[in-house]
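The first residue of the sequence shown is numbered 1, and numbering continues consecutively from there. Whatever order the structure lists ligands and atoms in, that order sets their numbers, starting from 1. All values derive from a computational prediction rather than experimental measurement.
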Amino acid sequence: MIRDFEYFAPKTLEEALTLLDNYRDECKVIAGGQSLLILMRQGLVAPDYLIDIKGLSELNYIKSGAKEGLRIGALTTHRAIEKSPMIQDGFSVFAEMEQRLASIQTRNWGTIGGNLSHGDPAGDPAPVLIALNATLKMASLKGERTMAVEDFALDYFETALEPGELLTEIQLPVAPPHTGTAYTKFNVIESDLATVGVAVSITLSSGDGICDDVRIALGASAPTPMRAKQAEEVLRGKKITNNLLKEAGQIASTEAEPISDIYASEEYRRELVKVLVKRVGKEALARAKQA
Ligand SMILES: Cc1cc2nc3c(=O)[nH]c(=O)nc-3n(C[C@H](O)[C@H](O)[C@H](O)COP(=O)(O)OP(=O)(O)OC[C@H]3O[C@@H](n4cnc5c(N)ncnc54)[C@H](O)[C@@H]3O)c2cc1C
């Protein structure tokens, strides 16, 4: 049963930030409620004050800018991202990931900002955004700050958001030429969270096809979404082959810090990392060659 709480539905960001600043630890923000309501029903979260930000239209947008690439408001729904021509054209891996996130009903109401703020290490968006080198913008009454998405999650369900702070925007930079990015997740139940998720982004130098840059991001493989930086070093500066991708997968599986739970054992998750890094790396490489 959900404990009683006082409900606020601010109309502007400033109003929301003022409420957050007033109630700090006693309040909780609700966006789509797709994750929060489950915790409230289970009694794991019982705020005295609930601040409903779903109506803040000023945080619901997908905008392109020549320099920044794309800016996505935190209240943009998963479904809006999946269906956006700007995302489909410029960041197709993001739209592909959204197609496999939860059900259409959840995607219609759940928001990208809520997903990231929830801090679930098995969430799909974070590894993809890490591979895409995204930046997050946060706001409080004190002002705004930004940070790389890979620094945002601190531990299981814990993020860098400070009391009184809201996640407001996701910024996607334009990828360098000859960049390919791919993502996949292994899950037992279709439309459920990842048992393991892997995103890989590869940038090739023009002409010789050497790997200029690479980002390998793992989901559900550690307390937070993480980069497999030692595995990246196997590929950086080299002409990527199947054998190198296999080696990168092996190294990534040792960098991962997975747990055993009802979905998979630690060993099984490491095996998934090994296989998926190679498989997704192959797809990212093929895309980079065509880009
Ligand atoms: C059946 C089901 C299946 C699912 N499957 C998947 C899946 O396959 N992959 C996946 O990644 N996710 C999955 N999810 C999780 C879910 O889709 C997301 O976590 C959800 O979209 C969160 O967004 P929301 O707007 O509903 O957040 P809410 O539930 O409203 O909030 C989540 C948390 O974020 C905080 N919060 C929300 N917005 C902000 C903000 N702007 N700034 C600061 N804090 C904020 C809230 O206080 C709360 O702590 C699934 C959920 C369900 C119910």
Salt-bridge criterion met for [X] and [Y] (N-O under 4.0 Å):
X      : Y      : value
Arg269 : Glu266 : no
Glu233 : Arg236 : yes
Lys28  : Asp52  : no

Could you note down all residue pairs passing ring-ring contact (aromatic ring centres under 6.0 Å, His included) where residues 31-64 supplies at least one of them, sequence neighbours left out?
Tyr23-Tyr49

Can you tell me which residue pairs pass the ring-ring contact (aromatic ring centres under 6.0 Å, His included) test with a partner in residues 144-172, sequence neighbours excluded?
His118-Phe157

Could you list the donor-acceptor pairs under 3.5 angstrom formed between side-chain atoms of residues 237-247 and any protein atom two or more places apart in sequence or on another chain?
| from | atom 1 | to | atom 2 | distance (Å) |
| --- | --- | --- | --- | --- |
| Lys238 | NZ | Val234 | O | 2.9 |
| Lys239 | NZ | Asp208 | O | 3.0 |
| Thr241 | OG1 | Leu244 | N | 3.1 |

Within the protein, residues bringing a heavy atom under 4.0 Å of ligand 1, chain by chain:
Lys28, Val29, Ile30, Ala31, Gly32, Gly33, Gln34, Ser35, Leu36, Ile38, Ile53, Ala74, His78, Leu101, Ala102, Thr106, Gly110, Thr111, Gly114, Asn115, Ser117, His118, Gly123, Asp124, Pro125, Leu161, Leu166, Leu167, Lys185, Ser191, Asp192, Leu193

